Engineer: 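I have a structure here, written as structure tokens, and I will follow up with some questions on it.
Remember, it's 1-based here, ligands and their atoms both numbered in the order they're listed. None of the values given here were measured: they were computed from a predicted structure.
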Amino acid sequence: MYGNDFGEPVDDVSQLSDAEQQRRFDELIAADERIEPRDWMPAGYRKTLIRQIAQHAHSEIIGMQPEANWITRAPSLKRKAILLAKVQDEAGHGLYLYGAAETLGVERAELMDLLHTGRQKYSSIFNYPTLTWADMGAIGWLVDGAAIVNQVPLCRCSYGPYARAMVRICKEESFHQRQGFEILYTLSRGTEAQGEMLQDAVNRWWWPSLMMFGPPDDESPNSAQSMAWGIKRHSNDDLRQRFVDMTVPQAEVLGVTLPDPELKYDDGHWRYGPIDWAEFAAVLKGRGPCNRQRIEHRRKAHEDGAWVREAATAYADKQTARSQRGAA
Ligand code: BYC
């Protein structure tokens, strides 16, 4: 139970003044409690969450494309079934996340429109092409590996619906990471040509995977406030370092070289060379190798799916009319 400015107990928190609501919100954050959809929250907190959750959802949906490119060309029925399941999981992640964003008062259609018109971002990583089968392994190992490092702390995000969606997503990402590693491990024990294909994929995906964690801390405008609000739990650079420390020993198991001549072990960490932030900035501005193709494909898929949305709406309207008739 909360007290108003006069110290009187109040049951209905919606009767509290804005200052009291803010104080209650600050107390919940300080106590590491969860904020729920009906709770009062500062406008900036809501806006930041909508931005991050929507960007995350868009990444999952756009992230289906590079891998879908290989479903028909997977080298065996088993590989095809696994890849199909993984891509379907990503569609599911997008749906949980759009659902979480909707609890903040935005419509899914509005978010899709922001994606289709380039007004909301999706992860830079999905603007790179998938040239060979080894790219399926590299995406699972590096991209999903980076996603896990970034997303496990989000299971403790201060916003309840986002945190809960992340629990299931992380479990599935963990399967994705292992299947990618297993593809690469198989290639690492294959022919010389398969070994070369593996190395080439790792060379192309390594640096873009490090960029997934976002700009360096001193150039990350959102980090400080997001960490104060308990949305982000670690800085971009801390998570990037954690990923590198985790991944270097795995590269040794695969027998691949990471494309960084400056990589060296020092004081308990694997120190890496400079990241090409100009490339990252170009990809964010829409000048990556596949930006245009990804958005065009997404828009077309949305248009082609219009009949499904219309049919679902017509069916829902029919059900409502039927239950109203029944009630009358
Ligand atoms: N790509 O202040 P910062 C997956 C933007 S899905 C594009 O550090 P923040 C998977 C950032 O939005 C992977 N944009 O931002 C799916 C901001 O711009 P705005 C997606 C990026 O939010 C299928 C500006 O740069 N994961 O794993 O504090 C198959 C300044 O950055 C990127 C998530 O979305 C980027 N890489 O931190 C396989 C996780 N990085 O919005 C795998 C949830 C930064 O101000 N998101 N920007 O115009 C997060 O954890 C955080 O949003 C980030 C960025 C760490 C990504």
Engineer: Please find the pair of heavy atoms, one from Ala163 and one from Cys155, that lie closest to each other, and give the distance.
Structural biologist: CB-O, 3.4 Å
Engineer: Is it true that the side chains of Asp18 and Gln22 contain a donor and an acceptor less than 3.5 Å apart?
Structural biologist: no
Engineer: At what distance is the nearest protein heavy atom to atom 50 (O) of ligand 1, and which residue and atom is it?
Structural biologist: Asn150 ND2, 3.1 Å
Engineer: Of the choices Leu142, Val87, Leu239, Asn222, which has the non-hydrogen atom that lies closest to atom 45 (O) of ligand 1?
Structural biologist: Asn222
Engineer: A side-chain contact here means heavy atoms from C-beta on lying under 4.5 Å apart; do Ile148 and Cys170 qualify?
Structural biologist: no
Engineer: Is it the case that over 12 heavy atoms from other parts of the model lie below 6.0 angstrom from the CZ atom of Arg38?
Structural biologist: no
Engineer: Of all the non-hydrogen atoms in the protein, which one sits nearest to atom 10 (C) of ligand 1, and at what distance?
Structural biologist: Phe126 CZ, 3.4 Å
Engineer: With a heavy-atom distance limit of 4.0 Å, tell me whether Ile125 approaches ligand 1 through its side chain, its backbone, both, or neither.
Structural biologist: neither
Engineer: Go through ligand 1 atom by atom and flag the ones less than 4.0 Å from a non-hydrogen atom of Leu284.
Structural biologist: 1 (N), 7 (C), 14 (N), 25 (O)
Engineer: I need the atoms of ligand 1 closer than 4.0 Å to a non-hydrogen atom of Phe213, numbered in the order shown.
Structural biologist: 55 (C)
Engineer: For Met211, take its heavy atoms, then give the atoms of ligand 1 lying under 4.0 Å from any of them.
Structural biologist: 36 (N)
Engineer: At less than 4.0 angstrom from any non-hydrogen atom of Asn236, what atoms of ligand 1 do you find?
Structural biologist: 8 (O), 55 (C)
Engineer: With sequence neighbours left out, what residues match Pro216 under side-chain contact (heavy atoms from CB on, under 4.5 Å)?
Structural biologist: Asp218, Glu219, Asp237, Trp277
Engineer: Do Ile29 and Met227 sit in the same hydrophobic cluster, where Ile, Leu, Val, Met, Phe, Trp and Tyr count as joined when their side-chain heavy atoms come under 4.5 Å apart?
Structural biologist: no
Engineer: How many angstroms lie between atom OH of Tyr98 and atom NE2 of His58, to the nearest 0.5 angstrom?
Structural biologist: 4.5 Å
Engineer: Atom CD of residue position Glu192 - does it have more than 12 heavy atoms of other residues, nucleotides or ligands inside 6.0 Å?
Structural biologist: no
Engineer: Would you name the heavy atoms of Ile71 and Lys80 that are closest together and state the gap between them?
Structural biologist: O-CG, 3.5 Å
Engineer: In terms of ring plane angle, is the pair Phe25 and Tyr45 parallel, tilted or perpendicular, where the classes change at 30° and 60°?
Structural biologist: perpendicular
Engineer: Got more than 12 heavy atoms from elsewhere within 6.0 Å of CZ, Arg168?
Structural biologist: no
Engineer: For atom 49 (C) of ligand 1, which candidate among Gln151, Gln52, His93 provides the closest heavy atom?
Structural biologist: Gln52
Engineer: Can you tell which part of Tyr122 has a heavy atom less than 4.0 Å from ligand 1: side chain, backbone, both or neither?
Structural biologist: backbone
Engineer: If you count the atoms of ligand 1 from 1 in the order shown, which ones are under 4.0 Å from a heavy atom of Gly214?
Structural biologist: 40 (N), 44 (C)
Engineer: Look at atom 6 (S) of ligand 1 and say which protein heavy atom is nearest, naming residue and atom and giving the distance to 0.1 Å.
Structural biologist: Ser59 CB, 3.6 Å
Engineer: Looking at Ala147, which atoms of ligand 1 are within less than 4.0 Å of one of its heavy atoms?
Structural biologist: 27 (O)
Engineer: Which residue holds the protein heavy atom closest to atom 38 (C) of ligand 1, what is that atom called, and what is the gap in Å?
Structural biologist: Asp144 OD1, 3.3 Å
Engineer: Considering only protein heavy atoms, which is closest to atom 3 (P) of ligand 1, and at what distance to one decimal place?
Structural biologist: Ser220 OG, 3.4 Å
Engineer: Output yes when a protein non-hydrogen atom is found under 4.0 Å of atom 23 (C) of ligand 1, and no otherwise.
Structural biologist: yes
Engineer: Using salt bridge (Lys or Arg N to Asp or Glu O under 4.0 Å) as the criterion, list what pairs up with Arg204, not counting sequence neighbours.
Structural biologist: Asp135, Asp200
Engineer: With heavy atoms of Met212 as the reference, note each atom of ligand 1 found under 4.0 Å away.
Structural biologist: 36 (N)
Engineer: For Tyr162, counting its heavy atoms only, list the atoms of ligand 1 lying under 4.0 Å from any of them.
Structural biologist: 43 (C)
Engineer: I need the nearest protein heavy-atom contact for atom 1 (N) of ligand 1: residue, atom name and distance, please.
Structural biologist: Ser124 N, 2.9 Å
Engineer: Over all heavy atoms of both residues, which pair between Met166 and Leu97 is shortest? Give the atoms and the distance, please.
Structural biologist: SD-CD2, 4.2 Å
Engineer: Do any nitrogen or oxygen atoms of Glu67 come within less than 3.5 Å of a nitrogen or oxygen of ligand 1?
Structural biologist: no
Engineer: Checking a contact table here: which protein heavy atom is nearest atom 18 (O) of ligand 1, and how many Å away?
Structural biologist: Lys121 NZ, 3.1 Å
Engineer: To which protein heavy atom is atom 28 (O) of ligand 1 closest, and what is the distance rounded to 0.1 Å?
Structural biologist: Lys232 NZ, 2.7 Å
